[in-house]
Number of protein chains: 2
Amino acid sequence: MLTQTINTQAINTQVRGKIGSALPASDQFVAIADHVGLIATELSYRKEEEIYGEDEPAEYVYQVVSGAVRTYKLLSDGRRQIGAFHLPGDVFGLESGASHRLTAEAIIETNVRVVNRASLEKVAGIDVHVARKLWAMTSGQLRHAEDHMLLLGRKTAMERVATFLLEMDRRLAVAGMMALPMCRRDIGDYLGLTLETVSRALSQLHSQGILGLSGARQIELRNRQRLRNIDAL
Amino acid sequence: MLTQTINTQAINTQVRGKIGSALPASDQFVAIADHVGLIATELSYRKEEEIYGEDEPAEYVYQVVSGAVRTYKLLSDGRRQIGAFHLPGDVFGLESGASHRLTAEAIIETNVRVVNRASLEKVAGIDVHVARKLWAMTSGQLRHAEDHMLLLGRKTAMERVATFLLEMDRRLAVAGMMALPMCRRDIGDYLGLTLETVSRALSQLHSQGILGLSGARQIELRNRQRLRNIDAL
DNA sequence: CGCTGCCTTGATCCCGATCAATTCCCGTGG
DNA sequence: CCACGGGAATTGATCGGGATCAAGGCAGCG
C-alpha cells in the first residue's frame, strides 16, 4: 500500500503544497497541477522498491522527477513482461479505471511527484483542457504499446535491440551518451528476449563500431543511421 | 481515402441522420451519438477492403455494426502485426492525435457506423460525460494492448492460442459455438506466430477433446477450464 | 583489495519457422 | 445436384534463431 510507503520510506522527502513556478514547468502535468492548484506531493523510492502493485486501487497519478521506473506484468511462473520504462518527466500510473493494471517499481533511487487521482478527475470534470490532456496522455501510452506489440510480435532480436537503443537515445541521451538505469535482464524483459541475447546483440553492435561502451550501462551511439537500418522500418 | 469509399462502394448503404432509439442502444457509443444528436453514417465494406490506412488523418470514429475488422502495423518487408480484431459493437479508429496509427481492413463483409471526429470532439469539449467516455474507450484499448504485450513477449505458442480461443469465446460465442471470421494467417499475425503453428496448436487441442471443429472456422469449446489451465495465469 | 552481483562468452538444445506436399472445403457453374 | 477449381487448412520434414545451461571476467562498492 502506498500509505505504508509514505509512512516508512518516504516521510522525510514529503513536500506538501501547491507546485510553485520555481519548479521546472516543462510539461503539462506540472502545468495542470500548477494551473488548477492541485496538491502535489513528492516521494522517494529506493532501488527496486515497489511503487504500486498490479490490481491495486489507482489512488495516485505519478510523474518521474528523477530516476527510472519499470511497469510490468507477471505470469504465475515468474515470466515478466515490462511494458514501459518511465524516465524523468514521464507520467505513469494514470488510469481511467479503478485499479492499476501493471506493477510499478523504481529501478534506481527515484523521486516522483504524485497527485491524487480523485481530485485530478474532479478538475477534469470542470476543466475540459485537463480532461483533454488526460485522454492525450493515455493515448500516448497506447501509441507506445502499439509500436511495442509490433516489436514483440514480429521483430528479430537484433532489430529489437536496435529499436531499444534508438528509443533510449532519444529519451535520455546527454551529449551523445546514454547512462542506462536498467540491467540486461530488464532490457530482455522489455524486449521479450533473454539477458544473454541482449548482451550478445550489444557485443555485436560494439564489434561493428556502431556503439561505444564505457561500462556496461554507459553507451555511446556512434552511428545512428546504421542502427536505423538494422531496425526494420 | 474515405471519401472515395463512400462514393464508390458504400453509397447505397448510406443512412444519414440522427441515430434513432429504434437502433440497438446497448453501448455508449450509440448512447453518446443519440444523446448529443451527432450525425452518424452507416457504411459497408467488402471482404479485404481497407477502411483507413496507417498515418492517414483520423477524420472519423468507427463502430462495427456487423462483420469484423483487423487493425495492424506492417514492417517494410511485409511482416505484419495485428493489434486487435474489432467485432460487432466495438469502437475503433478513435484517436486523440491527428492521424490513425494502424491500418484498418474489413475481414469479411462489414457494416460500420461512423461519426465525424471533429464534431465528436466538439461535443466532448462541452459535455464532460462524453469526454470521459472517449478517455475510457482509449483506456480500454490500452488495457488490451498491455495484456497482448505480455502474450507476445512471454507466452508459448500453445498458451497464445489458448488465450486467443478464450478471448474469442468471450466476445463472439453464440450457444457455445464460435464462428471465426478470420483465417489462420490473421490469427498467426495477431499472436506473433505462423499460420502453421496456429493450425498445429488447434489440431492438438482438437485431438485432446478440448475443442470441436465443424469446419476450420466453426469452433466449439468443450472444456474451458482445461483451456484456462493451458493459458498461463 | 576482495567480495558479490552483473555481464560476457561459449556450448548445446529445442520450439517454432520454414519449406513442401496433400487434403479439405466451399463456392461456382454446368 | 454434382463436378470441379482454387484458396485455406492440415500435416510432415527439416532448419535455425534464440533459449538454456554453464563457466569465467569484470567492475563497482564496501
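Computed from a prediction, not measured in an experiment: that's the story for all the values here. Every chain is numbered from 1 and lettered A, B, ... according to where its sequence line falls, protein lines coming before strand lines.
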Open item on the list: Rounded to whole Å, please give me the gap between CG in A:Leu191 and P in D:dG18.
Closed with: 12 Å
Task: Between C:dC7 (C1') and A:Leu205 (CG): distance, integer Å - done: 16 Å
TODO: Compare side-chain N and O positions of B:Thr194 against OP1 and OP2 of C:dA17 and report whether any pair is under 4.0 Å apart.
DONE: yes
Open item on the list: Is B:Arg200 close enough to D:dT11 that one of its side-chain N or O atoms is under 4.0 Å from OP1 or OP2 there?
Closed with: no
- [ ] Check whether any side-chain nitrogen or oxygen of A:Arg217 sits under 4.0 Å from OP1 or OP2 of D:dA27, and answer yes or no.
- [x] no
Open item on the list: Regarding A:Leu195, tell me which of base, sugar-phosphate or nothing describes its non-hydrogen contacts under 4.0 Å with the strands shown.
Closed with: base
Open item on the list: Need to verify one output field. Residue with the more 5' nearest nucleotide on DNA chain D, A:Gly215 or A:Thr197?
Closed with: A:Thr197
- [ ] Give A:Gly188 one of three labels, base, sugar-phosphate or nothing, depending on what nucleic acid heavy atoms sit under 4.0 Å from its own.
- [x] nothing
Task: A:Ile219 CD1 - C:dC7 C1' separation (whole Å) - done: 12 Å
- [ ] Heavy atoms only: give me the nearest A:Asp186-A:Phe85 pair and the separation to one decimal.
- [x] O-CZ, 3.7 Å
- [ ] Go through D:dT10, D:dA8, D:dA22 for me and flag the one nearest to the A:Glu196 side chain.
- [x] D:dA22
- [ ] Find which nucleotide of DNA chain C each of A:Arg184 and A:Arg154 is nearest to by heavy atoms, and output the residue with the more 5' nucleotide.
- [x] A:Arg184
TODO: With side-chain contact (heavy atoms from CB on, under 4.5 Å) as the test, would you mind laying out the steps for B:Leu211 and B:Leu221 before giving the verdict?
DONE: CA-CA 5 Å; B:Leu211 55 84; B:Leu221 295 195; 4.2 Å; yes
Task: Phosphate OP1/OP2 of C:dT8 contacted by A:Ser203 side-chain N/O (<4.0 Å) - done: no
- [ ] Mind calculating the distance between CG (B:Asp189) and P (C:dA17) to the nearest angstrom?
- [x] 11 Å
Open item on the list: With a sphere of 6.0 Å drawn around CZ of A:Arg185, does it hold more than 12 non-hydrogen atoms of other residues, nucleotides or ligands?
Closed with: no
Task: d(CG, B:Leu180; C1', D:dA8) in whole Å - done: 14 Å
Open item on the list: At less than 4.0 Å, is any side-chain N or O atom of B:Ser199 found next to OP1 or OP2 of D:dT10? Yes or no.
Closed with: yes
TODO: Quickly work out the B:Arg160 CZ to C:dC15 C1' distance and round it to whole Å.
DONE: 11 Å
Task: A:Asp90 with A:Arg171: basic N within carboxylate O range, under 4.0 Å - done: yes
- [ ] Could you tell me the separation between the CG atom of B:Leu152 and the C1' atom of C:dG16, rounded to a whole number of Å?
- [x] 15 Å
- [ ] Mind listing the closest non-hydrogen atom pair of A:Met177 and A:Gln218 along with its distance?
- [x] CE-OE1, 3.2 Å
- [ ] Send over the distance from B:Arg185 CZ to C:dG16 P, rounded to a whole Å.
- [x] 18 Å
